[in-house]
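Each chain gets a letter, A, B and so on, in the order the sequences are listed, and its residues count up from 1.
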Number of protein chains: 2
Amino acid sequence: MKNRLKVLRAEKDWTQADLADALDVSRQTINAIEKGKFDPSLPLAFKAARLFNLPIEKIFDDEYEA
Amino acid sequence: MKNRLKVLRAEKDWTQADLADALDVSRQTINAIEKGKFDPSLPLAFKAARLFNLPIEKIFDDEYEA
DNA sequence: ATATAAAGTAAATAACACTTTACTTTTTGT
DNA sequence: ACAAAAAGTAAAGTGTTATTTACTTTATAT
């Protein structure tokens with residue numbers, strides 16, 4: 001699943017480590033999600049949505065298949 | 001995490017099995033999610049949102065802690 | 001150019017989403 | 001009351017999300 005975390009981070013001038021701290025996950029988790037290695041859990045997606053004050057759908061992009 | 005699946009199902013007069021079929025998961029998975037035993041994955045949440053034509057936040061309710 | 005910060009990557013492990021099978025309890029209809 | 005459908009529950013197993021530690025590569029600043 002694609003996401004706009006890198007852009008949203010850039011807008012706030014945050015490093016991956018900054019975002020990781022804000023979301024209470026490891027820096028590697030942020031990196032893996034940004035690189036599309038795996039999808040965040042729903043609670044983590046909610047946390048990101050609250051942090052950026054955006055709906056989940058405006059951060060994560062589920063281009064649906066079948 | 002709370003959710004409104006039971007109500008949304010009722011509005012369409014669907015059983016847990018009907019919803020499970022529509023979302024391509026097992027009936028037990030629907031039951032467990034409805035009973036709050038675990039949270040759906042983000043892709044499954046997106047699928048439910050599409051099915052009910054609602055934003056994720058209108059189906060799942062993450063009352064945030066800390 | 002070189003030091004430093006940031007980002008990328010990888011392996012091992014832990015935690016959780018989801019499945020299958022199977023059984024019990026509750027609800028609904030006649 | 002009774003049968004049938006729906007919902008609830010549980011255990012064992014699989015795959016994925018997320019963690020930690022640690023190392024390499026890329027970007028930034030002086």
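Contact check for A:Ile56 versus A:Leu42: side-chain heavy atoms found under the 4.5 Å cut-off.
Interface limits on DNA chain C: the 5'-most and 3'-most nucleotides within less than 4.0 Å of chain A heavy atoms are C:dA6 to C:dA10.
D:dT17 atom P lies 17 Å from atom CG of A:Leu23, rounded to whole Å. Taking atom CG of B:Leu5 as the reference point, atom C1' of D:dA7 lies 15 Å away to the nearest angstrom. Atom P of nucleotide D:dA27 and atom CZ of A:Arg9 are separated by 14 Å, given to the nearest angstrom.
Here CD of B:Gln16 is found 8.5 Å from NZ of B:Lys35. Values are rounded to the nearest 0.5 Å. Between A:Asp39 atom CG and A:Met1 atom CE the span is 4.0 Å, to the nearest 0.5 Å. In this structure, CG on B:Asn3 lies 9.0 Å from CG on B:Asp61, to the nearest 0.5 angstrom. Rounding to the nearest 0.5 Å places OG of A:Ser41 at 7.5 Å from CD1 of A:Ile33. Remark: B:Asn53 CG to B:Leu8 CG distance equals 11.5 Å, nearest 0.5 Å.
No donor-acceptor distance shorter than 3.5 angstrom exists from the side chain of A:Asn31 to the backbone of A:Gln28, with no hydrogens or angles considered.
Direction change of the helix axis from one end of the helix from C:dA1-D:dT30 to C:dT30-D:dA1 to the other is 60°, with five pairs defining each end axis (rounded to 10°).
Scanning both residues, A:Ala22 and A:Leu51, for their nearest heavy atoms gives CB-CD2, 3.8 Å. For the pair B:Pro55 and A:Glu57, the tightest heavy-atom approach, listed with the atom from each and the gap, is CA-OE2, 3.5 Å.
Near DNA chain D, meaning a heavy atom under 4.0 Å from it, residues 26-46 of chain B has B:Arg27, B:Gln28, B:Asn31, B:Lys35, B:Lys37 in order of number.
Partner of A:Glu34 under the salt bridge (Lys or Arg N to Asp or Glu O under 4.0 Å) criterion, out of A:Arg9, A:Arg27, A:Lys2: A:Arg9 alone.
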